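Working notes, beginning with the structure itself.
Keep in mind that this is a model prediction, so the values were computed, not measured. Just so we're on the same page: letters track the sequence lines, and every chain starts at 1.
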Amino acid sequence: MGFMRLNSLRHAFLMPRIHWLLMLLFWGFFCATVLFAQIATEIKKQEQIFDQTSANLHQLIRQRLAQNEAVLGGLDALFNTFDGLKFDGVRGYSKDMLSRYPHIYTIGLQPLVEFHNLTKFENEARKTIHAHYQIRDFGLDAERTWKKASNRPFYYPVTFMEPPVESASHVMGLDVYADPKIKAAIDESIQTKRFAASAPFNLVEGGRGYILFKALFNTASPSPNLNVRQSQATRLVSLLISAEKLLSREELPPSDIAMSLYHRQYSANDKNGQIYLLNKPTALPFANFLLPAFTFKRQIQSDSQPFVFETNRQIGWKIFSASKTFWIALITLFITLLFSATINLRRIAREETRVANELLFQAKDRALVTLQSINDAVVTLTNEGNIGYVNPAAELALQQNFDEIEGKKISDVLDLHFELSTAQIVDPFTKCIQSKLATDLPENTVLLDSSGQKKLIEGSISPLFSSDKKFIGAVFVFRDMGPVRRKAMEAIEASEKRLRQHQSELAHVARINTMGEMAAGIAHEINQPLAAILSYNQACIRMLQSDESNMSDIIQAMKSAAAQSKRAGEIIKRLREFVSKNASRSSLVDLNQVIHNVLALSEYQLRDAQVTLQTSLESSLPSVVADAIQMEQVILNLIRNAIDVMKDNEPKNRSIHLSTKTVSDRVKVIVQDTGTGISNEVIDHLFTPFFSTKKDGMGLGLTISYSIVEAYGGTLIAKNLQPSGAQFSFSLAVSSVGAATNLAEVEKYA
Amino acid sequence: MLEPVVFLIDDDFAVRDALSLLIKSIGLHVISFEHPQYFLDSYDPSQVGCLVLDIRMPGISGLTIQEILNEKGYSIPIIFITGHGDVTQCTRAFKAGAVDFLTKPIDEQALLDSLQAAIKSSIQLHRQSEINAELQQKLNRLTDRENDVLHLVVEGIPNKVIADKLKVSTRTVESHRAKIFEKLEVNSLAECVKIQLTSQQLTQSN
């Protein structure tokens with residue numbers, strides 16, 4: 001199972017390289033989109049957090065600034081009730097406020113001292129405040145040194161400071177009106193009769209700060225004239241605000257949020273206007289361009305403290321969480337793989353369907369072509385017995401076109417007759433459709449085609465079932481048995497003919513063998529007396545030549561020799577008797593036919609010896625009375641001799657000419673060869689028994705042939721041809737009797 | 001030595017009679033048989049002579065008789081006679097040791113030559129077998145130990161090596177050698193080798 005699943009998985013990812021590439025591209029795009037969406041959501045979230053944090057900070061700052069005004073308002077009221085340089089009542093309130101609001105660095109009071117009262121005031125102060133009290137100047141920003149105050153029309157020296165810091169005791173006596181930044185705030189407070197904040201400056205202790213002033217008038221309704229009002233502003237209450245303390249440690253914004261508080265009169269980047277700067281924004285490579293920055297900017301709604309609150313946040317690369325990115329990449333990859341596998345499987349399925357359809361189409365096409373080209377007639381029937389399809393062979397057999405008979409009942413189209421049947425014949429179509437079994441046509445079924453011609457047919461009807469085993473019709477296959485039957489008859493005849501020929505050949509071979517054996521036997525028989533005669537003769541000669549010859553022995557030997565000669569004669573006589581005894585099966589013989597038979601027998605030998613054969617046989621040759629088999633022997637013998645004598649010739653000079661002709665009332669057979677001819681020594685012994693020129697010859701062939709020809713009233717004649725070759729011929733009398741000759745008459749000739 | 005005899009076997013009376021007469025007229029002693037069995041029953045292998053045998057006889061072939069004689073170890077020379085020559089038969093006969101193969105009718109001179117050759121061969125064979133018997137008798141006198149020494153001596157191995165091989169002293173080998181010479185009635189090593197080789201050939205042919 002595991003293997004199977006693995007295999008199908010591999011199958012799902014079996015796709016071209018370009019698909020893989022597309023899949024990778026898709027994955028990249030998909031992954032980027034999801035990542036982007038995730039980052040966008042994150043940024044949105046961060047922006048919300050940022051806005052919330054900024055709003056909170058702004059609220060806090062606004063509250064603290066409002067607290068300043070409230071504290072100063074309280075002091076204003078207090079100082080209005082206490083006069084002079086008696087501060088003890090104020091001091092308690094101040095301590096309370098300072099401990100409650102850490103951003104209020106110090107609380108101070110500066111009375112108006114006109115130049116003409118300078119000495120008097122200093123003397124007074126030396127008694128109440130401390131012994132070395134003196135009005136002094138200090139370059140707050142520039143010189144940062146103390147010196148005795150120059151002569152000016154009036155001063156606002158510090159006379160009260162809470163908390164009374166020991167290290168800051170020298171601040172006592174400082175003319176705050178001397179500093180131009182502070183002077184502007186004092187003037188403003190006098191002018192507006194409200195609070196006024198100085199421009200920010202660096203504090204001695206580090207950090208930035210500013211002073212919030214409130215002018216106290218010695219009259220309830222100060223003069224509208226500024227110069228007059230100046231002299232009416234007899235005291236200044238001040239709060240030194242340390243910007244760094246505006247926010248407690250817990251309230252500080254996170255390090256990635258840059259916060260700044262600056263004076264409205266200055267630009268955001270002007271250092272002089274800067275009151276409170278936290279978390280200076282750091283430049284991140286590329287992030288400044290690629291990722292968004294948030295800004296929160298609000299005016300502090302206050303006349304006395306006209307500040308601008310601003311926060312900034314630059315989104316950094318940290319927004320990309322490694323684990324989240326990893327999971328997104330993994331999940332999108334998984335989805336992409338799933339997606340491409342699905343697509344690929346569908347593509348494979350589609351391809352398979354296409355191939356299957358093509359194969360189906362091919363199979364259908366092939367089936368149709370097959371049906372159209374086979375010689376058997378094929379007719380398909382619907383389950384009601386109507387014609388559904390007819391192939392060309394069936395069209396031919398029925399002598400009707402498919403268009404004419406499509407949809408018709410088979411029984412209306414096919415006119416079948418069942419000949420030679422004894423039993424009642426059930427219509428095979430009805431039988432097949434009812435039984436749903438293959439049904440053969442009965443034997444000797446005859447089809448009457450539309451032209452009225454009878455055809456003997458053979459065939460069967462088979463039911464057709466759909467793949468779900470439903471009977472959907474039948475197929476009827478039949479063939480015209482006429483040509484088949486004819487061919488079968490021809491084949492039987494041919495094979496019988498071959499058999500007959502074969503038998504006759506066998507008979508010939510048997511006969512030839514018998515003849516050979518007989519010849520060998522005769523040879524041995526004759527050899528024995530000859531051997532004896534020779535030995536007797538030689539013995540006699542020896543005995544006659546020797547001195548101690550015994551006459552009676554010699555006579556005995558001579559007698560024995562004579563007896564052996566007689567014995568040899570007896571053998572020859574028996575041979576003749578044997579030949580003539582076989583001549584009894586005489587009949588009318590067509591010598592041309594005999595020659596044909598012989599040629600069939602010697603065909604192989606002729607081919608083997610590369611001998612060319614020519615025949616000129618006279619047509620309608622009259623018959624002769626003879627034994628056909630003996631005649632075959634004679635002619636076969638002559639042909640074999642001819643083949644043998646031409647062995648040493650060039651193959652092109654090996655030729656036998658066989659001819660027959662009628663000469664007066666005799667039929668003549670001539671066998672000619674192109675050999676060396678018959679030599680003079682041989683010609684006289686040609687027909688002598690046991691005389692042979694062949695190494696392994698018996699010397700009986702021509703002798704027997706001669707005897708046979710002689711037996712039928714002919715003579716075997718041999719002669720030489722010019723320029724070379726030999727001719728053997730014989731002639732037999734034309735039969736005077738007709739074909740109906742009976743054997744008794746024929747025997748007279750034998 | 002006995003007078004050589006020509007044994008003649010042919011089933012045909014006339015041929016047998018005529019050939020007997022012819023051989024007699026040459027001056028040789030002839031004993032003829034109609035059937036080979038009569039010959040086989042009466043043959044004495046010590047008789048010097050030869051056999052004139054017809055190949056084609058009713059019931060039994062001349063070649064079969066040759067085989068029987070060879071099996072019995074009779075080394076009588078055979079001249080075959082036949083009605084007509086057959087190469088296969090002829091080859092077979094010569095392979096089995098036939099002297100000649102004559103075709104009927106038999107040429108007188110050819111027969112004469114064959115008979116002479118056959119009888120000469122027969123005489124030689126007899127003489128050889130006598131010599132062999134004598135030789136064997138001499139060899140049989142040797143003890144087993146002497147036989148071992150003889151084999152090694154004939155191979156041309158020096159006495160010292162023989163002594164090492166048989167684990168005896170050189171003196172003992174020398175005394176064995178002297179005994180062997182005495183028993184085989186020879187005077188030289190060459191003669192000794194000759195006797196040994198002839199004996200080996202005999203054993204092999206037997």
Testing the 3.5 Å rule here: is there a donor-acceptor pair between the side chains of B:D113 and B:Q109?
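A pair is found: one side chain offers a donor N or O, the other an acceptor, under 3.5 Å apart.
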Give a yes or no on whether a salt bridge exists between B:D12 and A:R567, defined as a side-chain N under 4.0 angstrom from a carboxylate O.
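Yes, B:D12 and A:R567 are salt-bridged.
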Please look at B:I23 and chain A and tell me whether the side chain, the backbone, both or neither of the residue comes under 4.5 angstrom of a heavy atom of that chain.
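Looking at B:I23, nothing touches chain A.
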Looking at B:L111, B:D17, B:I81, B:L19, which has the largest count of heavy-atom pairs under 4.5 Å with chain A?
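Heavy-atom pair counts peak at B:D17.
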Check whether A:Q528 gets within reach of chain B through its side chain, its backbone, both or neither, counting any heavy atom under 4.5 Å.
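For A:Q528, the contact with chain B is made by backbone and side chain together.
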Would you mind checking which part of A:S546 comes under 4.5 Å of any heavy atom in chain B, side chain (CB onward), backbone (N, CA, C, O), both or neither?
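When you check distances to chain B, no heavy atom of A:S546 falls under 4.5 Å.
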Is the distance between the ring centroids of B:F39 and B:F7 less than 6.0 Å?
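Yes.
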Minimum heavy-atom distance A:A557-A:M543, with the two atoms named
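Closest approach of A:A557 to A:M543, heavy atoms only: CB-CE, 4.3 Å.
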